Amino acid sequence: MTQSFDIDSFIRSRKQTRAVSDLLKAQAADYLTTLASLVRPQPLFGEYLQGAPKGSGRETQHHFKEFRTLFDEHAAQRPFNLINELEVPLNIINSTPELFPLEYDHALPDGSKVRVTSPVRWVVGYASFDLTRFRQVIHDPNRSGSELHRFVVHYLMLFHCFSRAPGLGRLFKGLRFPVGFQQLDDFGNLPFCVIGSPVTSALPADEIIRHSTEIAGNDSFEELIAEDAIDAMQDDLREQLIRVLSEASSR
């Protein structure tokens, strides 16, 4: 999205983006709530979780060993630098998944940085473990090591549960809200679960971003959804059916 905007069209684009984003997020959140039971840690970890019923010994032990390896791989690395070891049973305070804004840094030509929010992708976390608070804890020189430890454990737990849920990725893709894993700015190599949507968004020209942040008096910006992005939405099932019909008619 590199075309120039006048102020009226820019404001209209922002309003349209917010309306579409709110609808998409509500739909994604509804799907996530409906399928939350598939990514609960209790059935996987059993007695390795505080307050959870005993599971099948070999399987729960396997999941805990995998999780301990995952924790050891990331917790001691920057920017966390944790020295705490995992305590058994694990204390998972809240295992209800929730959507948080996906943010990243965008560098402008003058060297300044803008914090950009995606209106069509969201980070999956646990309720009570807000991603913004996680970021604040990381940058706080007087941070609580125990609080940081809880954040790292909970986000790694969610990653483990999503990555071990058979067929969940195909199910979300069929709903047109694909699930993927990626690293985020400020969090080192920690893997996060991200839910996308069937609509794309993009940044306008840097000059427009600069003017917008100057007027707003802050260094944040939201990607914009163009009207033609909705027209360009893909329907995988429709494409498959068209292909099947074409192949059937050519036999």
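Numbering of residues begins at 1 and proceeds along the displayed sequence. These numbers were taken from a predicted model, which means no experiment stands behind them.
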Exercise. Can you find a heavy atom in the side chain of F67 that is under 4.5 Å from one in the side chain of L44?
Worked result: no
Seminar exercise, completed: Distance col, row T60:OG1 vs L49:CG, nearest 0.5 angstrom, shows 9.5 Å
Exercise. Can you check side chain to side chain contact (heavy atoms under 4.5 Å, CB included) on V123 and E103, steps first, answer last?
Worked result: CA-CA 9 Å; V123 179; E103 299 177 345; over 6 Å; no
Exercise. Are L224 and Q16 side-chain neighbours, meaning at least one heavy-atom pair lies under 4.5 Å?
Worked result: no
Problem set entry | Heavy-atom pair of closest approach, residues N142 and D140 | N-OD1, 2.9 Å
Problem set entry | Electrostatic pair E147:R150 at N-O distance under 4.0 angstrom | no
Exercise. Just by modelled atom types, is the I93 backbone N or O under 3.5 Å from a matching donor or acceptor in the H154 side chain?
Worked result: yes
Problem set entry | Close side-chain approach of L32 to V124, heavy-atom, < 4.5 Å | yes
Problem set entry | L70 CG to L156 CG distance, which is reported to the nearest 0.5 Å | 4.5 Å
For this session: Indicate yes or no for a side-chain donor-acceptor contact from D228 to the backbone of D231 under 3.5 Å, with no hydrogens or angles considered.
Result: no
Exercise. If you take all heavy atoms of F187 and I138, which pair is closest and at what distance?
Worked result: CD2-CD1, 3.3 Å
Exercise. If you measure from the Lys or Arg side-chain nitrogens to the Asp or Glu carboxylate oxygens, is any gap between R12 and D8 under 4.0 Å?
Worked result: no
Exercise. Does a side-chain heavy-atom distance below 4.5 Å link H74 with P191?
Worked result: yes
For this session: Kindly compute the distance separating CG (D130) from CD (Q136), expressed to the nearest 0.5 Å.
Result: 8.0 Å
Problem set entry | Crowding at CD, E87 (>12 non-hydrogen neighbours, <6.0 Å) | no
Exercise. Under the side chain to side chain contact (heavy atoms under 4.5 Å, CB included) criterion, do L190 and F159 qualify, and how do the steps go?
Worked result: CA-CA 9 Å; L190 196 73; F159 166 76; over 6 Å; no
For this session: Apply the test side chain to side chain contact (heavy atoms under 4.5 Å, CB included) to residues H62 and R58: give CA-CA distance (whole Å), side-chain angles for both, the deciding distance (0.1 Å), then the verdict.
Result: CA-CA 6 Å; H62 173 72; R58 182 173 298 180; 5.7 Å; no
Problem set entry | Minimum-distance pair of heavy atoms, taken over all atoms of E98 and A127 | OE1-CB, 3.2 Å
Seminar exercise, completed: Here the gap from H211 atom NE2 to I7 atom CD1, rounded to the nearest 0.5 Å, amounts to 9.5 Å
Exercise. Does I225 offer a backbone N or O that forms a donor-acceptor pair with the side chain of T17 under 3.5 Å?
Worked result: yes
Problem set entry | Residue pair Y31, F177: steps toward the ring-ring contact (aromatic ring centres under 6.0 Å, His included) verdict | CA-CA 9 Å; Y31 290 149; F177 286 83; 5.6 Å; yes
Exercise. Between F134 and F151, what is the ring plane arrangement, given parallel below 30°, perpendicular above 60°, and tilted in between?
Worked result: parallel
Exercise. If you draw a 6.0 Å radius around CZ in R170, do more than 12 non-hydrogen atoms from other residues or ligands fall strictly inside?
Worked result: no
Exercise. Under 3.5 Å, side chain of S212 to main-chain N/O of I208, donor-acceptor pair present?
Worked result: no
Problem set entry | Any donor-acceptor pair under 3.5 Å from S95 side chain to P41 backbone | no
Exercise. Are L35 and V39 side-chain neighbours, meaning at least one heavy-atom pair lies under 4.5 Å?
Worked result: no
For this session: For F71 and H149, run ring-ring contact (aromatic ring centres under 6.0 Å, His included): C-alpha distance rounded to whole Å, both residues' side-chain angles, the deciding distance at 0.1 Å, then the answer.
Result: CA-CA 10 Å; F71 179 84; H149 183 273; 5.3 Å; yes
For this session: Indicate yes or no: does R68 engage E85 in a salt bridge with an N to O separation below 4.0 Å.
Result: no
For this session: Give the cluster check for F181 versus V153: same hydrophobic cluster or not, with ILVMFWY residues linked at side-chain heavy-atom distances below 4.5 Å.
Result: yes
Exercise. Looking only at heavy atoms, which two atoms of P101 and T117 are closest? And how far apart?
Worked result: CB-CG2, 4.0 Å
Exercise. Is the shortest heavy-atom distance from the side chain of S197 to the side chain of W122 under 4.5 Å?
Worked result: yes
Problem set entry | Sidechain-backbone polar pair: R121 side chain, I195 backbone, donor-acceptor under 3.5 Å | no
Exercise. Just by distance, with hydrogens left out, do Q234 and E239 show a side-chain donor and acceptor under 3.5 Å apart?
Worked result: no
Problem set entry | Rounded distance [0.5 Å steps], OG1 in T213 versus CG in N218 | 7.0 Å
For this session: Ignoring hydrogens and angles, state whether a donor on the side chain of E223 or Y104 is under 3.5 Å from an acceptor on the partner side chain.
Result: yes
Exercise. Any donor and acceptor pair, going by atom type alone, linking the side chain of S112 with main-chain N or O of L108 inside 3.5 Å?
Worked result: no
For this session: Decide yes or no for N189 and Q77: does some side-chain heavy atom of the first lie under 4.5 Å from some side-chain heavy atom of the second?
Result: no
Exercise. Taking C-beta and beyond as the side chain, do L245 and Q240 meet within less than 4.5 Å on heavy atoms?
Worked result: no
For this session: Kindly indicate, with the supporting measurements, whether the criterion ring-ring contact (aromatic ring centres under 6.0 Å, His included) is fulfilled by Y155 and F129.
Result: CA-CA 8 Å; Y155 273 94; F129 288 88; 7.4 Å; no
For this session: Evaluate whether atom CZ of R210 has more than 12 neighbouring non-hydrogen atoms of other residues, nucleotides or ligands under 6.0 angstrom away.
Result: yes
Exercise. Between D105 (side chain) and R115 (backbone), is there a donor-acceptor pair under 3.5 Å?
Worked result: no
Problem set entry | S246 side chain to I242 backbone, donor-acceptor under 3.5 Å | no
Exercise. Which heavy atom of G125 sits nearest a heavy atom of F100, and at what distance?
Worked result: CA-CE1, 3.7 Å
Exercise. How many angstroms lie between atom CZ of R176 and atom CG of L237, to the nearest 0.5 angstrom?
Worked result: 9.5 Å
Problem set entry | Trace of the side chain to side chain contact (heavy atoms under 4.5 Å, CB included) decision for I230 with E227 | CA-CA 6 Å; I230 297 177; E227 291 185 36; over 6 Å; no
Exercise. Which pair of heavy atoms, one from F45 and one from H63, lies closest together, and at what distance?
Worked result: CE2-O, 3.5 Å
